[in-house]
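Take a look at the structure set out below.
Bear in mind the structure is a predicted one, so any value in this text is a computation, not a measurement.
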Amino acid sequence: MTKADIFEKVSSNLGLSKKESAELVEAVFALIKSTLESGDKLKIAGFGNFEVKQKADRRGRNPQTGETITIEARRILTFKPSQVLKSAINK
């Protein structure tokens with residue numbers, strides 16, 4: 001499913017124009033993005049939890065040359081689905 005598909009579904013379900021539904025969906029995505037960028041957790045009841053975690057530096061190896069390299073620290077996004085979502089998927 002693409003953003004355009006989401007716009008279409010929101011438009012048909014809520015009776016909004018495609019432009020209005022696109023603005024609504026974009027606003028929600030912007031809010032989610034800004035929340036996660038700031039490092040806050042995002043919990044959506046009945047759907048799941050999004051969390052930004054910090055990964056430390058670690059040693060790695062270049063598979064082509066066998067050379068040892070350092071993989072730099074970075075932030076990663078994790079998602080843990082709620083029990084409601086898990087059960088709906090596994091029906």
Side-chain angles (χ1 to χ4, degrees):
M1 179 175 266
T2 64
K3 268 188 178 180
D5 295 334
I6 295 172
F7 299 158
E8 184 82 28
K9 295 257 187 200
V10 169
S11 175
S12 64
N13 288 346
L14 298 179
L16 300 172
S17 71
K18 288 187 181 181
K19 182 179 179 185
E20 290 172 328
S21 65
E23 290 172 356
L24 176 67
V25 172
E26 288 293 345
V28 170
F29 285 156
L31 180 61
I32 290 170
K33 182 180 174 185
S34 66
T35 301
L36 294 171
E37 282 177 343
S38 68
D40 295 334
K41 291 181 182 180
L42 178 68
K43 181 175 184 175
I44 302 172
F47 188 72
N49 297 319
F50 293 90
E51 184 177 359
V52 177
K53 294 184 178 180
Q54 184 69 36
K55 290 191 88 170
D57 284 345
R58 62 187 174 99
R59 286 193 321 229
R61 186 179 62 82
N62 182 333
Q64 291 181 333
T65 64
E67 175 187 0
T68 301
I69 58 172
T70 300
I71 300 171
E72 295 181 13
R74 63 188 186 277
R75 295 177 1 154
I76 61 166
L77 178 64
T78 61
F79 173 71
K80 184 175 181 186
S82 71
Q83 289 298 327
V84 174
L85 181 59
K86 284 181 186 179
S87 64
I89 291 171
N90 291 313
K91 245 185 198 179

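Scanning for side-chain contact (heavy atoms from CB on, under 4.5 Å) contacts around Leu31 gives Ser34, Thr35, with sequence neighbours left out. Asn49 is linked by a side chain to side chain donor-acceptor pair (under 3.5 Å) to nothing, counting only residues two or more places apart in sequence or in another chain. The side-chain contact (heavy atoms from CB on, under 4.5 Å) test applied to Ser12 returns no partner, not counting sequence neighbours. Listed by chain and residue number, Ala4, Asp5 satisfy the side-chain contact (heavy atoms from CB on, under 4.5 Å) test with Thr2 (two or more places apart in sequence, or in another chain).
Note on residues 15-30: pairs passing salt bridge (Lys or Arg N to Asp or Glu O under 4.0 Å), not counting sequence neighbours, are Lys3-Glu26, Glu8-Lys18.
Here the closest heavy-atom approach between residue Val52 and residue Leu36 is recorded as CG2-O, 3.3 Å. In terms of heavy atoms, Phe7 sits closest to Ser21 at O-OG, 3.1 Å.
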Under 3.5 Å, side-chain donor or acceptor atoms of residues 59-79 against the rest of the protein: list the pairs with distances, not counting sequence neighbours.
| residue | atom | partner | partner atom | Å |
| --- | --- | --- | --- | --- |
| Asn62 | OD1 | Gln64 | N | 2.9 |
| Thr65 | OG1 | Glu67 | N | 3.2 |
| Arg75 | NH2 | Glu37 | O | 3.0 |
| Thr78 | OG1 | Glu51 | O | 3.1 |

Determine all donor-acceptor pairs shorter than 3.5 Å in which one atom belongs to a side chain in residues 83-91; sequence neighbours excluded.
| residue | atom | partner | partner atom | Å |
| --- | --- | --- | --- | --- |
| Ser87 | OG | Gln83 | O | 3.2 |
| Ser87 | OG | Val84 | O | 3.0 |
| Asn90 | ND2 | Lys86 | O | 3.0 |

Step-by-step side chain to side chain contact (heavy atoms under 4.5 Å, CB included) determination, Phe29 to Leu24: CA-CA 9 Å; Phe29 285 156; Leu24 176 67; over 6 Å; no
